[in-house]
Amino acid sequence: IVGSGKLSANVTVHSFTKMIDAIENKKFSGDAYGIPILNFEDVLAGAVEQPGLGPLHTEFDGRGNAYTTFFISSEVVKWKLGTWEVLDRQPAYYSVGHLTIPGGNSRKPDGKYMFAMNKITKDRYLPTGPELEHSAQLYDISGDKMELLLDFPTHGEPHYAAAMKADIIKARSKKIYNLEENKHPYAAKTDDEVKVVRKGNEVHISMTTIRSHFSPDNIEGIRVGDKVFFHITNLEQDFDVPHGFAIIGQNTSELLIMPGQTKSSVWEPKQVGVWPFYCTDFCSALHQEMQGYVRVSAADANTPLKWSLGEDIE
Ligand SMILES: [Cu+2]
């Protein structure tokens, strides 16, 4: 276990085996708040002496080497497990926080590449505003020395990240949700199943979406004071065709419905009027036309519920 403190001069490595041993033999130096404290010397594996300033985060390459970022001296330092000697160091632009080696969180890191995520990247990119682009740097770590391959901006402060080989993800990637297995109580699995049901002040709309329309896309009989639930089923059964849904003032924004899924959004209209809703995820050349309207009547109106697809309500 590598312990690093941003203000520490050394990188201290604790032995997990020694820790377990000390715990089993109850070798403690006291306790705090009822938690036993281990003796520092008893569990020490070794220390990398003064490798840089402000050690922050360490990952391993699976070949007996460790890589630690140094926040204050802005560098990545490669050192050897067991001998604790420094093998290489590379400057970073600038204050490097975390670093990532693909598979670094697993027992078998894929120690070919490493990237450092840098904070406080002043002077690195065009100063476009009070907040500046930060940088990240990709290194080839397959050889004795780290080799900088790419220096690229990241949007916002890059914090911790995990990476893994693409084929691990690819084989497990979910392409669609099977519409037949959709058990959502308000799912409409065909355009024939769409409906609008009032239960007191609650209105439940079972709606479908597919390139390039919502059904129904014309609804009236909603009143101010109603709580409207849009239960939207994405009828698509194709990879990478989510649809979104938005209406002004909705309680649940940024709804993104994957193929075969039903998701719900709540809307409590506050004003009489005709309110448009639309798809928020670019889905086809007709995406811009993917919209509909809800007419909201006064709280005391008795406009009956009506809905249709693509036609005027009579
Ligand atoms: Cu869409």
If you define the side chain from C-beta out and look only at heavy atoms, does anything of [X] sit under 4.5 Å from [Y]?
X: D240; Y: P242; value: yes
X: Y67; Y: E59; value: no
X: T69; Y: F71; value: no
X: R124; Y: D151; value: yes
X: M117; Y: T154; value: no
X: P269; Y: V228; value: yes
X: S95; Y: S74; value: yes
X: N201; Y: K227; value: no

Verify same cluster id: [X], [Y] (apolar side-chain graph, 4.5 Å):
X: V11; Y: M146; value: no
X: F60; Y: L87; value: no
X: I257; Y: V241; value: no

Do any N or O atoms from the side chain of [X] and from the backbone of [Y] form a donor-acceptor pair under 3.5 angstrom?
X: T100; Y: A161; value: yes
X: K263; Y: L256; value: yes
X: E202; Y: K199; value: no
X: K108; Y: S106; value: no
X: N178; Y: E180; value: yes
X: E236; Y: R211; value: yes
X: K18; Y: L44; value: yes
X: W267; Y: I248; value: yes
X: Q237; Y: L179; value: yes
X: S15; Y: A45; value: no

Side chains of T262 and N182: is there a donor and an acceptor less than 3.5 Å apart?
->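 Indeed, the side chains of T262 and N182 share at least one donor-acceptor pair under 3.5 Å.
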Contact summary for [X] and [Y], nearest pair of heavy atoms:
X: V194; Y: S215; result: CG1-O, 3.3 Å
X: I1; Y: F16; result: CD1-CD1, 3.7 Å
X: P158; Y: S135; result: CG-O, 4.1 Å
X: I101; Y: P109; result: CG2-CB, 4.4 Å
X: F245; Y: S265; result: CD2-CB, 4.4 Å
X: I176; Y: F239; result: CG2-N, 3.9 Å

Would one find more than 12 heavy atoms of other residues, nucleotides or ligands at under 6.0 Å from atom [atom1] of [X]?
X: D31; atom1: CG; value: yes
X: K119; atom1: NZ; value: yes
X: E85; atom1: CD; value: yes
X: N25; atom1: CG; value: yes
X: M164; atom1: CE; value: no

Of I219, D191, T233, which meets side chain to side chain contact (heavy atoms under 4.5 Å, CB included) against M207?
->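 Only one option passes, and that is I219.
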Contacts of type salt bridge (charged side-chain N to carboxylate O under 4.0 Å, His left out), residue D140, not counting sequence neighbours =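 Checked D140 against salt bridge (charged side-chain N to carboxylate O under 4.0 Å, His left out); zero matches.
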With R89, which residues qualify under salt bridge (charged side-chain N to carboxylate O under 4.0 Å, His left out), at least two apart?
->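 Listed in chain order: E75.
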Can I get a per-line list of side-chain donor-acceptor pairs under 3.5 Å for residues 282-292, giving both atom names and the distance, sequence neighbours left out?
{"residue": "S284", "atom": "OG", "partner": "S212", "partner atom": "OG", "Å": "2.7"}
{"residue": "S284", "atom": "OG", "partner": "L286", "partner atom": "N", "Å": "3.0"}
{"residue": "H287", "atom": "ND1", "partner": "D281", "partner atom": "O", "Å": "3.0"}
{"residue": "Q291", "atom": "OE1", "partner": "Y293", "partner atom": "OH", "Å": "2.9"}
{"residue": "Q291", "atom": "NE2", "partner": "Q288", "partner atom": "O", "Å": "3.1"}

Pairs touching [range] that satisfy ring-ring contact (aromatic ring centres under 6.0 Å, His included), sequence neighbours left out:
range: residues 168-187; value: H184-H231, Y186-H204, Y186-H231
range: residues 111-150; value: none
range: residues 72-110; value: H57-H98, H98-H159, H98-Y160

Before accepting this row, confirm whether a basic side-chain N of the pair D61/K78 lies closer than 4.0 Å to the acidic partner's carboxylate O.
->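 No, D61 and K78 are not salt-bridged.
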Charged N-O contact under 4.0 Å between K112 and D110 |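 Judged by the 4.0 Å cut-off on N to carboxylate O distance, K112 and D110 do not form a salt bridge.
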F214: which of F230, F277, Y278 passes ring-ring contact (aromatic ring centres under 6.0 Å, His included) |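 In the set F230, F277, Y278, the residue that makes a ring-ring contact (aromatic ring centres under 6.0 Å, His included) with F214 is F277.
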